[in-house]
Amino acid sequence: MSYAAPEGLVPEDEYRHTGRKGADKVLFGDSLWVSVVDPVAGIHGVNHFHLSNKGYARFESLYVIDGVVQLYGNKVPLDIKPDHGPWTDGRMTYGVVDPFNHVRIALDWEKYSFDLDFKGRFAPFNYDSSLPNGDPMKLFDEYYGGHYEQAMSCTGRFGIHQGPAAGETRQID
């Protein structure tokens, strides 16, 4: 199934944004949080990307594999000009394949690696549609650009390189 942007969003919202007027005076960035939960594979975690307006990006991945916590993190230079990606630090990559329908995230690292496809299960929810007054976060930050969420299915492979299950590759579904 294919999903269109909900009211108030456009396909460009899947990519980097220019901050609101004055946002260059503060730390502003597009933040992407993508979770993975597969109890059968014994793997759950979160991937985080912060694409800042200050010339850097953060790439982070925290997974619990069979109860063992493993964390990847990196900070790299990033041109401040908004773009369509994909965004990478050389090991971890986030790319939009089809706005609001398909995202791919990959990591090639010494402790674990993965290549995961995220496909929309439901249409995105734009918090500006929240009742009665829209997105409540706008009250706290004059440069806040908005927030949306989308439930997605995740499939792909996950290689385990360190820890008790080292050498295993598991299918995520």
Side-chain angles (χ1 to χ4, degrees), residues 1-37 45-63 71-109 112-130 134-135 137-138 140-159 172-173:
M1 175 166 252
S2 185
Y3 297 102
E7 185 178 334
L9 294 176
V10 295
E12 287 295 310
D13 287 320
E14 283 275 80
Y15 305 106
R16 288 180 65 200
H17 297 81
T18 302
R20 293 178 185 223
K21 186 175 179 164
D24 58 325
K25 297 178 178 92
V26 298
L27 175 61
F28 169 85
D30 288 282
S31 293
L32 313 160
W33 294 88
V34 184
S35 301
V36 174
V37 178
V46 64
N47 304 291
H48 173 244
F49 306 84
H50 181 172
L51 311 171
S52 83
N53 67 338
K54 298 299 181 189
Y56 70 87
R58 291 190 187 278
F59 294 77
E60 300 170 313
S61 174
L62 169 67
Y63 277 85
L71 172 68
Y72 170 79
N74 199 8
K75 178 180 173 184
V76 296
L78 179 70
D79 188 344
I80 62 171
K81 184 178 134 207
D83 62 23
H84 285 193
W87 303 286
T88 185
D89 67 351
R91 291 185 178 181
M92 190 172 185
T93 303
Y94 180 100
V96 177
V97 178
D98 180 16
F100 302 112
N101 291 289
H102 186 184
V103 171
R104 172 170 267 150
I105 300 176
L107 174 66
D108 185 8
W109 184 47
Y112 55 89
S113 59
F114 53 77
D115 190 353
L116 303 172
D117 284 295
F118 298 83
K119 294 187 177 175
R121 293 177 56 211
F122 303 100
F125 175 76
N126 184 356
Y127 276 73
D128 273 345
S129 300
S130 297
D135 190 335
M137 290 302 295
K138 287 186 175 182
F140 302 107
D141 185 349
E142 65 183 295
Y143 305 112
Y144 177 75
H147 178 95
Y148 74 90
E149 291 189 19
Q150 184 175 16
M152 305 183 98
S153 64
C154 175
T155 58
R157 61 146 197 89
F158 196 106
I172 301 295
D173 190 3

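Values reported hereafter were calculated over all heavy atoms of this structure, with side chains retained and with hydrogens, waters and symmetry mates removed.
- Ring-plane geometry between W109 and Y72 is classed as perpendicular, the angle between the planes exceeding 60 degrees on a 0 to 90 degree scale with a lower cut at 30.
- Ring geometry, Y63 versus Y112: the interplanar angle exceeds 60°, so the pair is classed perpendicular (tilted spans 30 to 60°).
- Between atom CG of residue N53 and atom CG of residue L78 there is a gap of 10.5 Å, rounded to the nearest 0.5 Å.
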Return all side-chain donor-acceptor pairs below 3.5 angstrom for residues 92-101, not counting sequence neighbours, or 'none' if the list is empty.
residue, atom, partner, partner atom, Å
T93, OG1, T88, OG1, 3.0
N101, OD1, Y3, N, 2.5
N101, ND2, Y3, O, 3.0
N101, ND2, P99, O, 3.0

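- H48 meets the side chain to side chain contact (heavy atoms under 4.5 Å, CB included) test with S31, W33, H50, E60; sequence neighbours excluded.
- Every ring-ring contact (aromatic ring centres under 6.0 Å, His included) that H84 has, sequence neighbours left out, goes to Y15.
- Here the CG-OG distance, from N47 to S35, works out to 8.0 Å after rounding to the nearest 0.5 Å.
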Evaluation steps, side-chain contact (heavy atoms from CB on, under 4.5 Å), between F49 and D30: CA-CA 8 Å; F49 306 84; D30 288 282; over 6 Å; no
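- In this structure a side-chain-to-backbone donor-acceptor pair under 3.5 Å is missing from D117 to H102.
- Listed here is the closest heavy atom pair of P124 and A4: CD-O, 4.0 Å.
- G55 and S52 get closest at one heavy-atom pair: N-OG, 3.7 Å.
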Step-by-step side-chain contact (heavy atoms from CB on, under 4.5 Å) determination, R91 to S113: CA-CA 9 Å; R91 291 185 178 181; S113 59; over 6 Å; no
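- Heavy atoms only, all atoms of each residue included: F28 and T18 are closest at CE2-C, 4.2 Å.
- Taking the side chain as every heavy atom from C-beta outward, V34 and V103 never approach each other to under 4.5 Å.
- Checked against salt bridge (charged side-chain N to carboxylate O under 4.0 Å, His left out), R58 has no partners two or more places apart in sequence or in another chain.
- Looking at R16, its side chain does come within 3.5 Å of a backbone N or O of K81 through a donor-acceptor pair.
- With rounding to the nearest 0.5 Å, the separation of OG in S153 from CD1 in I172 is 12.5 Å.
- D89 contributes no side-chain N or O that, together with a main-chain N or O of V76, makes up a donor-acceptor pair within less than 3.5 Å.
- Not counting sequence neighbours, I80 has no partner by the side chain to side chain contact (heavy atoms under 4.5 Å, CB included) test.
- With sequence neighbours excluded, the residues forming a salt bridge (charged side-chain N to carboxylate O under 4.0 Å, His left out) with D115 are R104, listed by chain and number.
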